[in-house]
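Below is one structure, written out as structure tokens, with a few remarks after it.
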Amino acid sequence: MGGDMQILPGSSHRPALKRPVWIIFLVSLVSLFLACSYIYPPHGDAACYVFSSKGCKAVTDRPLPSPARELTDEEFASKVVFRDILHIPRIQPKYSKIAFMFLTPSSLPFEKLWDRFFCGHEGKFSVYVHASKEQPVHVSRYFLNREIHSDKVGWGKISMVDAERRLLAHALKDPDNQQFVLLSESCIPLHSFDYVYDYLMHANMSFVDCFFDPGPHGNGRYSKHMLPVVEKKDFRKGAQWFSIRRQHALVVMADSLYYSRFRDFCKIIDPGGIANWSVTHVDWSERKWHPKSYRARDVTYELLKNITSIELSVHVTSDEKREEQVQACLWNGVRRPCYLFARKFYPETLHKLMKLLNF
């Protein structure tokens, strides 16, 4: 396909649901992984692997409503810090960059594809690699010496959140990094670099997947030990793969209050500016413990074109109703295709992807 794939209208005609009034941002790092929710079934209060949220509402200068209870000193201090961070004037540096943060066990099988994606756009991106098991072997100059201090990561454990925070901390050291994208070793780009850069740099929001699931793999994993800081009605879950603005990245790093609750009891706050869908596509249609993984035989022009045509974000609850929650992907209030990246692709798909994705 030449350049970017043509964007086709989505095939679904289901009306989008009204977006929630509030969506809490998972301050300890994104509404914990949809995948983890399915891997570990609930076993009482301690079995908890999803982040909480209070929904989404733009930040204003109006005073916050009085809480139903008196806040602890720790909660009050956190709210003050978050408020000040989020009210910092957004100043774009002369050379704004996207930080591409790769969370991987070892080598990245799609480095050649990412090399083509990055080529010619030096000065507009930074690369960070957290390899939790083995030292990566690189084939692209853009990934050489880009490993950060890493530690072991347990799937669905708080160590995964720690690794994401570690990536953010290193990426925040560069003041030119204004957008922060978390990716796995099985992720691929769907569009040209220019398309992705313009999409993220001109967006007035961060992209964090988040939805309410009353079923056993959603609110069924809530622990009462998280009270009073996190209430059950505020619990949310979603995929971990986010793209966030610098201010939200700072909020994540500044937080210890909510992070400690999930670390100790579950394994969370956006005062605004969060779109509760991720720009990374993953297919859960098979209703298994893991999302669909693509083999070489699955990778076709039609598959990639269909993914880039999707304009609706769909979540399915884990209770008996299997209720679908559908909303349009709104970019600065305008309906646009949802996804910039996609996963999970097996390494064997590299050759076909190199032929089909002509950046």
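In this text, all values refer to a predicted model and were calculated from it rather than measured experimentally.
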For Arg166 and His130, run side-chain hydrogen bond (donor to acceptor under 3.5 Å, both in side chains): C-alpha distance rounded to whole Å, both residues' side-chain angles, the deciding distance at 0.1 Å, then the answer. CA-CA 8 Å; Arg166 197 174 294 121; His130 185 292; 2.8 Å; yes
Output yes when a side-chain donor or acceptor of [X] lies under 3.5 Å from a complementary backbone atom of [Y], and no otherwise.
{"X": "His202", "Y": "Asp198", "value": "yes"}
{"X": "Gln178", "Y": "Pro175", "value": "yes"}
{"X": "Arg246", "Y": "Leu172", "value": "yes"}
{"X": "Thr308", "Y": "Leu304", "value": "yes"}
{"X": "Asp298", "Y": "Arg295", "value": "yes"}
{"X": "Arg165", "Y": "Val252", "value": "yes"}

If we only count heavy atoms from C-beta on, is the [X] to [Y] side-chain gap below 4.5 Å?
{"X": "Lys344", "Y": "Lys292", "result": "no"}
{"X": "Val127", "Y": "Met101", "result": "no"}
{"X": "Leu182", "Y": "Glu164", "result": "yes"}
{"X": "Val279", "Y": "Cys338", "result": "no"}
{"X": "Ser132", "Y": "Pro105", "result": "yes"}
{"X": "Glu134", "Y": "Ser107", "result": "no"}
{"X": "Phe117", "Y": "Val196", "result": "yes"}
{"X": "Cys119", "Y": "Tyr142", "result": "yes"}

Taking all heavy atoms of [X] and all of [Y], pick out the closest pair and write down the distance.
{"X": "Tyr339", "Y": "Ser278", "value": "CE2-O, 3.3 Å"}
{"X": "Met205", "Y": "Leu330", "value": "CE-O, 3.5 Å"}
{"X": "Ser106", "Y": "Ala131", "value": "O-CB, 4.1 Å"}
{"X": "Arg116", "Y": "Asn358", "value": "NH1-CA, 4.1 Å"}
{"X": "Ala296", "Y": "Glu348", "value": "N-OE2, 3.0 Å"}
{"X": "Asp194", "Y": "Lys124", "value": "OD1-NZ, 4.5 Å"}

Examine [X] and [Y] and state if one hydrophobic cluster contains both, with Ile, Leu, Val, Met, Phe, Trp and Tyr joined whenever side-chain heavy atoms are less than 4.5 Å apart.
{"X": "Leu303", "Y": "Ile188", "result": "yes"}
{"X": "Val139", "Y": "Leu113", "result": "no"}
{"X": "Tyr195", "Y": "Tyr301", "result": "yes"}

Proximity of Trp277 and Phe207 rings by center, below 6.0 Å: yes
Is the distance between the ring centroids of Phe102 and Phe143 less than 6.0 Å?
yes
- Message: Ring of Phe125, cation from Lys97 - is the NZ or CZ under 6.0 Å from the centre and inside 45° of the axis?
- Response: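 The answer is no; the distance or angle limit is not met.
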Just how far is it from atom [atom1] of [X] to atom [atom2] of [Y], taken to the nearest 0.5 Å?
{"X": "Ser313", "Y": "Gln327", "atom1": "OG", "atom2": "CD", "result": "5.0 Å"}
{"X": "Glu111", "Y": "Leu350", "atom1": "CD", "atom2": "CG", "result": "10.5 Å"}
{"X": "Arg146", "Y": "Ser126", "atom1": "CZ", "atom2": "OG", "result": "6.5 Å"}
{"X": "Phe345", "Y": "Glu185", "atom1": "CZ", "atom2": "CD", "result": "13.0 Å"}
{"X": "Thr349", "Y": "Met354", "atom1": "OG1", "atom2": "CE", "result": "11.5 Å"}
{"X": "Thr300", "Y": "Lys352", "atom1": "OG1", "atom2": "NZ", "result": "7.0 Å"}

If we ignore angles and hydrogens, is there a donor and acceptor under 3.5 Å between the side chains of [X] and [Y]?
{"X": "Arg343", "Y": "Ser184", "result": "yes"}
{"X": "Ser140", "Y": "Asp115", "result": "yes"}
{"X": "His138", "Y": "Glu147", "result": "yes"}
{"X": "Tyr128", "Y": "Asn177", "result": "yes"}

Please report the C-alpha distance between Leu190 and Leu340 in whole Å, then the side-chain angles of each, then the deciding distance to 0.1 Å, and finally whether the side-chain contact (heavy atoms from CB on, under 4.5 Å) criterion is met. CA-CA 5 Å; Leu190 294 171; Leu340 303 179; over 6 Å; no
Q | Geometric class of the Phe193/Phe118 ring pair [parallel <30°, tilted 30-60°, perpendicular >60°] | A |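 Plane angle over 60°, so perpendicular.
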Worksheet entry | Leu108 and its side-chain contact (heavy atoms from CB on, under 4.5 Å) partner, picked from Leu183, Val137, Val129 |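 Of the listed residues Leu183, Val137, Val129, the side-chain contact (heavy atoms from CB on, under 4.5 Å) partner of Leu108 is Val129.
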Is there a salt bridge (Lys or Arg N to Asp or Glu O under 4.0 Å) between Arg141 and Glu122? Walk through the geometry before answering.
CA-CA 11 Å; Arg141 64 192 185 278; Glu122 290 78 3; 3.7 Å; yes
Run the salt bridge (Lys or Arg N to Asp or Glu O under 4.0 Å) check on Arg336 and Glu311 step by step: do they pass?
CA-CA 6 Å; Arg336 289 188 62 175; Glu311 295 182 342; over 6 Å; no
* Apply side-chain contact (heavy atoms from CB on, under 4.5 Å) to Asp176 and Ser96, showing your working. => CA-CA 5 Å; Asp176 290 340; Ser96 296; over 6 Å; no
Worked verdict on Leu168 versus Ile244 for side-chain contact (heavy atoms from CB on, under 4.5 Å) = CA-CA 10 Å; Leu168 275 176; Ile244 58 178; 4.3 Å; yes
Would you say that more than 12 heavy atoms from the other residues, nucleotides or ligands in this model lie under 6.0 Å from the NZ of Lys133, or not?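 Counting neighbours around NZ of Lys133, 12 or fewer heavy atoms of other residues, nucleotides or ligands fall under 6.0 Å, so no.
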Walk me through whether Trp241 and Asp209 qualify under side-chain contact (heavy atoms from CB on, under 4.5 Å). CA-CA 8 Å; Trp241 312 107; Asp209 193 36; over 6 Å; no
When you look at Phe100 and Phe180, which way does the ring pair (Phe, Tyr, Trp, His ring centres under 6.0 Å) test go after all the steps? CA-CA 6 Å; Phe100 291 87; Phe180 302 79; over 10 Å; no
